[in-house]
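Notes for the one structure printed next.
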There are 2 protein chains.
Amino acid sequence: MSQHPELGLDHQLCFSLYRASRAVIRAYRPLLKGLGLTYPQYLVMIVLWQENEGLSVKQIGARLGLDSGTLTPLLRRLEASGHITRSRDDADERRAVITLTDAGRALQDDAASIPGELNRMYAACDVDAGDLKTQLDVLGEFLPSA
Amino acid sequence: MSQHPELGLDHQLCFSLYRASRAVIRAYRPLLKGLGLTYPQYLVMIVLWQENEGLSVKQIGARLGLDSGTLTPLLRRLEASGHITRSRDDADERRAVITLTDAGRALQDDAASIPGELNRMYAACDVDAGDLKTQLDVLGEFLPSA
DNA sequence: ACCAATCTAATTGCTCACAATCTAATTGTG
DNA sequence: CACAATTAGATTGTGAGCAATTAGATTGGT
């Protein structure tokens, strides 16, 4: 038996969060499989679908909270599967310009049904997604990172 | 502009969850660094601290929702750093028996202050950890996985 | 114009997650 | 007992995350 009862899985928010996040990603997996996307790739595509212009790695990273160490290989895979193209900004050669291909843009229509699908699952679990989201966003935005 | 407004980062619980989970793990990192543990290793140690007996890989995996593909190398690293020992059950040679070393058990005292540290961060963010946890546990336990 | 700071990506190395497969041990059934 | 089915864990391969470093481009101050 533990001498530190507060140090148990059942008493900590962290594990609930970690497990729920993996569970939601797992719920997406079969839906995204049909689109040929992983979950983080899907998030990058969502960012790109919201823009008409090409975005830099930096800009994508800022929206998702991911750095180039994660994004560079992920974007390489999205390029290999034909969803995006990668080039360099003429005005600033340091900037990579990530642009949707026609196929990548067309994928948005196929993805349109996914949010509704997930909302149905949340509802079936009696979870108020809106309320939950508000609290999670505070953690995601304001929790000290160091 | 998107033709599918519901398909945006700002409208989906999934991204908030994904980002918050990474933010919380990031908040743990500096605290765990002093113990020589990563976050998933910390979760395994919590499971072991709650038991007097050695546990099988299966039992640890059941509590955390992780499979042997994740746990086997992780446990190997915990063994290499001296926190646990791995042996085989005499009665059933298929079962690995994971046991805390004295050093691994002693680490519990060093970890005792961590939950309070995190609760202080949650409070500073005005997040009701208890309420949030209840909803997340529903998702983690009952969300369909296929 | 020079040169030092800054900035953007890319790279390297380590650690998860997880699907799929494999091996060996055990159990159940005839 | 024999042997098919099941079980536990390890292994392999792919794809994240993230810290730390590197390379190259740009900016700013003198």
Side-chain angles (χ1 to χ4, degrees), chain A residues 15 18-30 32-33 36-45 54-62 64-81 83 86-98 140 145-146, chain B residues 15 18-30 32-33 36-45 54-62 64-81 83 86-98 140 145-146:
Chain A
F15 175 63
Y18 164 81
R19 181 175 58 169
S21 176
R22 287 189 297 126
V24 170
I25 292 174
R26 191 158 48 242
Y28 271 92
R29 217 183 308 276
L32 294 175
K33 191 167 187 176
L37 295 175
T38 65
Y39 180 73
Q41 290 170 8
Y42 169 68
L43 293 180
V44 169
M45 294 300 286
L55 292 177
S56 67
V57 173
K58 190 89 175 174
Q59 289 171 314
I60 296 171
L64 299 178
L66 296 171
D67 71 1
S68 69
T70 300
L71 288 174
T72 295
L74 187 156
L75 292 168
R76 218 192 297 284
R77 286 186 284 272
L78 281 179
E79 184 182 37
S81 51
H83 298 312
R86 300 188 318 138
S87 57
R88 288 286 164 175
D89 186 339
D90 290 331
D92 185 343
E93 290 283 342
R94 291 172 305 181
R95 287 171 45 103
V97 181
I98 310 301
S145 26
Chain B
F15 174 63
Y18 166 79
R19 181 175 57 168
S21 176
R22 286 187 299 124
V24 170
I25 292 174
R26 191 159 46 242
Y28 270 94
R29 215 182 309 277
L32 293 175
K33 191 168 187 177
L37 295 175
T38 65
Y39 180 74
Q41 289 169 8
Y42 169 68
L43 293 179
V44 169
M45 293 301 286
L55 291 178
S56 67
V57 172
K58 190 89 177 172
Q59 289 172 313
I60 296 171
L64 299 178
L66 296 172
D67 70 1
S68 70
T70 300
L71 288 174
T72 295
L74 187 155
L75 292 169
R76 217 192 299 282
R77 286 185 284 271
L78 280 179
E79 183 181 39
S81 51
H83 298 313
R86 302 188 318 139
S87 57
R88 289 284 167 177
D89 186 340
D90 290 332
D92 185 344
E93 289 284 341
R94 291 172 306 180
R95 288 173 43 112
V97 181
I98 311 301
S145 27

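Remember, predicted model here, so these are calculated numbers, not experimental data. First the proteins, then the strands, lettered A, B, ... as listed; each starts at 1.
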Show me the protein contacts with nucleotides 23-25 of chain C, counting only N or O atoms at under 3.5 Å.
none

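- Atom NE2 in B:His83 sits 12.0 Å away from atom CG in B:Leu75 (nearest 0.5 Å).
- The CZ-C1' distance, from A:Arg19 to C:dA17, rounds to 16 Å in whole Å.
- On the nucleic acid side, DNA chain D has its first and last nucleotide under 4.0 Å of a heavy atom of chain B at D:dT7 to D:dA19, going 5' to 3'.
- Within the 4.0 angstrom heavy-atom criterion, base atoms lie near B:Ser68.
- Side chain of B:Arg88 to main chain of B:Arg94: a donor-acceptor pair is present (N/O by atom type, distance under 3.5 Å, no hydrogens or angles).
- In this structure, B:Tyr18 and A:Tyr39 have perpendicular ring planes: the angle between them is above 60°, well past the 30° mark.
- Side-chain N or O atoms of B:Arg22 include one that pairs as donor or acceptor with a backbone N or O of A:Gly65 at under 3.5 Å.
- Residue B:Leu71 comes nearest to B:Val57 through the heavy atom pair CD1-O, 3.7 Å, listed as atom of the first residue, atom of the second, then distance.
- Here the CD1 atom belonging to B:Ile98 is positioned 9.0 Å from the CG atom belonging to B:Leu78, to the nearest 0.5 angstrom.
- Sequence order on DNA chain D of the closest nucleotides to A:Asp89 and A:Arg77 puts A:Arg77 first from the 5' end.
- Spacing between atom CG of A:Leu32 and atom P of C:dA19 amounts to 14 Å, rounded to whole angstrom units.
- Within the nucleic acid shown, A:Thr70 comes within 4.0 Å of at least one base atom, counting heavy atoms only.
- Of the inter-residue distances, the one linking A:Thr38 atom OG1 with A:Met45 atom CE reads 11.0 Å to the nearest 0.5 angstrom.
- Taking the nucleotide of DNA chain C with the nearest heavy atom to each of A:Leu71 and A:Arg29, the more 5' of the two is matched to A:Leu71.
- Not a single donor-acceptor pair under 3.5 Å links the side chain of B:Arg86 to the backbone N or O of B:Val97.
- When each of C:dT11, C:dT15, C:dA17 is scored by its nearest atom to the side-chain atoms of A:Arg22, the top-ranked nucleotide is C:dA17.
- Heavy atoms of A:Leu74 sit under 4.0 angstrom from primed sugar atoms or phosphate atoms, though from no base atom.
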